[in-house]
Amino acid sequence: MRRLLAILLPGLLLLTACGGTSSQPEPSSQSAGETAKFDSLKLTDNGDKKAPGVDFDKPLTVTQPTIKVVSEGSGDTIKANQVAKISILALNGTDGSQLEDTFPNEPESLELNDQLKTSSAVIYNAFVGAKVGSSLALAVPGQQSSPSASPSPSDGASPSDSASPSPSAAAQPTQLLIIKVVSAADATPVLDKPQGETVTPPAGLPTVTDKDGVPQINVAGAPAPTSLVSQDLIKGTGAAVKESDTLTVNYVGVNLADGTKFDSSFDRGQPATFPLSGVIKGWTQGLTGKTVGSRVLLVIPKDLAYGDAGQGQAKGDLVFVVDILGVK
């Protein structure tokens with residue numbers, strides 16, 4: 001997911017003020033903060049994939065995170081440890097101008113897990129116990145954003161695109177988010193290893209063997225690719241990957257020219273997690289449509305990787321073996 005909450009509101013998920021505990025067996029959604037500020041708020045439903053009309057007394061200002069269900073849905077009650085799919089309309093609290101609208105796009109995922117419960121009781125307690133179809137209003141006090149950069153999964157080259165820190169911005173007015181819960185479902189557990197049917201690849205590709213669960217790549221005799229190669233080695237039976245998804249994977253990457261390994265999550269001893277829209281084009285194009293549980297061989301031309309300059313030890317045409325262990 002794009003994590004719009006964190007993008008628009010740096011540090012939001014660290015806000016814990018006004019949040020109660022959630023120890024009830026069947027909790028109900030808990031409002032928090034200066035909820036009387038929402039008394040003038042009115043929503044007008046504009047249909048599927050369209051943000052609602054929003055009217056409220058301006059300016060809207062709050063001094064603490066404030067959240068409330070303002071339109072109750074008729075779906076199932078959202079439970080702890082589920083993944084809620086949400087659409088978000090973000091507005092400037094001073095004049096009501098639009099900051100962001102994700103309603104036309106695929107809904108984003110919000111994991112209602114213990115990590116969220118600890119880092120932001122305000123958010124967690126409001127969602128758990130609400131009903132699917134509900135709209136929540138979240139107002140966040142004006143604050144100063146801080147520089148941030150996308151983390152790399154290793155010290156060397158990786159599938160992630162390089163990212164520059166965002167410049168520090170001036171203090172922002174109160175922001176109002178209207179968040180609609182589109183659906184909620186139990187989280188799919190992350191696999192330990194690929195699971196599915198073994199596939200025999202065509203001749204002429206780099207060969208891959210398995211040593212104690214770790215793929216070994218041999219590039220001898222493999223020609224330079226004229227286009228992206230995305231070949232299943234194990235065909236998983238899980239959900240199909242969408243470009244908007246975030247993947248949990250294990251992977252190994254080598255240079256096609258000489259087989260030099262430049263990155264491996266296996267060597268670090270833990271899987272890596274990447275938004276598929278934020279990695280090199282060879283990954284985005286090559287893994288979209290693949291299924292969870294698959295082991296995929298990617299042979300990536302340099303123009304879909306790091307170009308002529310390369311990145312770190314990753315140079316020219318690249319070869320990856322990627323185990324798709326989970327998606328969200």
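- Two residues are said to be in side-chain contact when any heavy atoms from C-beta on lie closer than 4.5 Å; S119 and Y124 fail this criterion.
- No side-chain heavy atom of F320 sits less than 4.5 Å from a side-chain heavy atom of L287.
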Practice problem: For side chain to side chain contact (heavy atoms under 4.5 Å, CB included), just list the numbers for I78 and L112, CA-CA rounded to whole Å, side-chain angles, deciding distance to a tenth of an Å, and then say yes or no. | Solution: CA-CA 9 Å; I78 302 166; L112 301 169; 3.3 Å; yes
Quiz item: Checking salt bridge (Lys or Arg N to Asp or Glu O under 4.0 Å) for the pair K58/D95: CA distance, chi angles, key distance, verdict?
Solution: CA-CA 6 Å; K58 305 173 187 63; D95 58 15; over 6 Å; no
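- A distance-only check finds a donor-acceptor pair linking the side chain of N92 to the backbone of T94 [under 3.5 Å].
- For the residue pair K242/T288, the side-chain donor-acceptor check at 3.5 Å is not satisfied.
- When each of T248, L247, D323, V190 is paired with P271, the side-chain contact (heavy atoms from CB on, under 4.5 Å) condition holds for T248 and for no other.
- Closest heavy-atom contact between L41 and F56: CD1-CB, 3.9 Å.
- Side-chain atoms of L116 and L110, non-hydrogen and from C-beta on, do get closer than 4.5 Å to each other.
- Between the side chain of N46 and the main chain of A51, a donor-acceptor pair closer than 3.5 Å is present.
- Contact between E34 and T66 at its shortest, heavy atoms only, is N-OG1, 3.0 Å.
- Using a 4.5 Å heavy-atom cutoff, the side chains of S265 and V249 are not in contact.
- The backbone N or O of I88 sits nowhere less than 3.5 Å from a side-chain atom of E100 that would complete a donor-acceptor pair.
- Pairing each heavy atom of T174 with each of L60, the nearest pair is CB-O, 3.3 Å.
- Contact annotation: the side chain of L256 approaches that of P225 to within less than 4.5 Å [non-hydrogen atoms, C-beta and beyond].
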Quiz item: Stepwise, does the side chain to side chain contact (heavy atoms under 4.5 Å, CB included) test hold for T291 with I324?
Solution: CA-CA 7 Å; T291 50; I324 306 175; over 6 Å; no
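- At least one donor-acceptor pair closer than 3.5 Å links the side chain of Q216 to the backbone N or O of V214.
- At least one donor-acceptor pair under 3.5 Å links the side chain of T284 to the backbone N or O of L276.
- In plain terms, the two heavy atoms of T102 and E108 that are nearest each other are CG2-OE2, 3.5 Å.
- Under the 4.0 Å criterion applied to side-chain N and carboxylate O atoms, D232 and K290 are assigned as salt-bridge partners.
- Within the 4.5 Å cutoff, the side chain of V321 has no heavy atoms near those of the F266 side chain.
- Crowding of K37 atom NZ: a count of heavy atoms from other residues, nucleotides or ligands under 6.0 Å exceeding 12.
- Smallest separation of non-hydrogen atoms from G133 and K180: O-CE, 4.0 Å.
- Using a 4.5 Å heavy-atom cutoff, the side chains of K261 and D267 are in contact.
- At a threshold of 4.5 Å between non-hydrogen side-chain atoms, the residues N113 and N81 count as touching.
- Taking both residues in full, the closest heavy atoms of G286 and S230 are given as O-OG, 2.6 Å, listed atom of the first, atom of the second, then distance.
- Between the side chain of K42 and the backbone N or O of D39, no donor-acceptor pair lies under 3.5 Å.
- Between the side chain of S294 and the backbone N or O of G236 there is at least one donor-acceptor pair closer than 3.5 Å.
- Proximity of a side-chain donor or acceptor of K85 to a complementary backbone N or O of V83 within less than 3.5 Å is not detected.
- Taking the six-membered ring where the residue is Trp, Y251 and F274 present tilted rings, their angle falling between 30° and 60°.
- Atom CG of D303 has more than 12 heavy atoms from other residues, nucleotides or ligands within 6.0 Å.
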Quiz item: Does the side chain to side chain contact (heavy atoms under 4.5 Å, CB included) test come out yes or no for V219 and I217, once each step is laid out?
Solution: CA-CA 6 Å; V219 300; I217 303 173; 4.1 Å; yes
Exercise. Verify side chain to side chain contact (heavy atoms under 4.5 Å, CB included) between Q231 and V199, making sure each step is shown before the conclusion.
Key: CA-CA 9 Å; Q231 171 64 47; V199 177; 3.7 Å; yes
Exercise. Mind running side chain to side chain donor-acceptor pair (under 3.5 Å) on T260 and N255 for me, showing each step along the way?
Key: CA-CA 5 Å; T260 300; N255 293 326; 4.6 Å; no
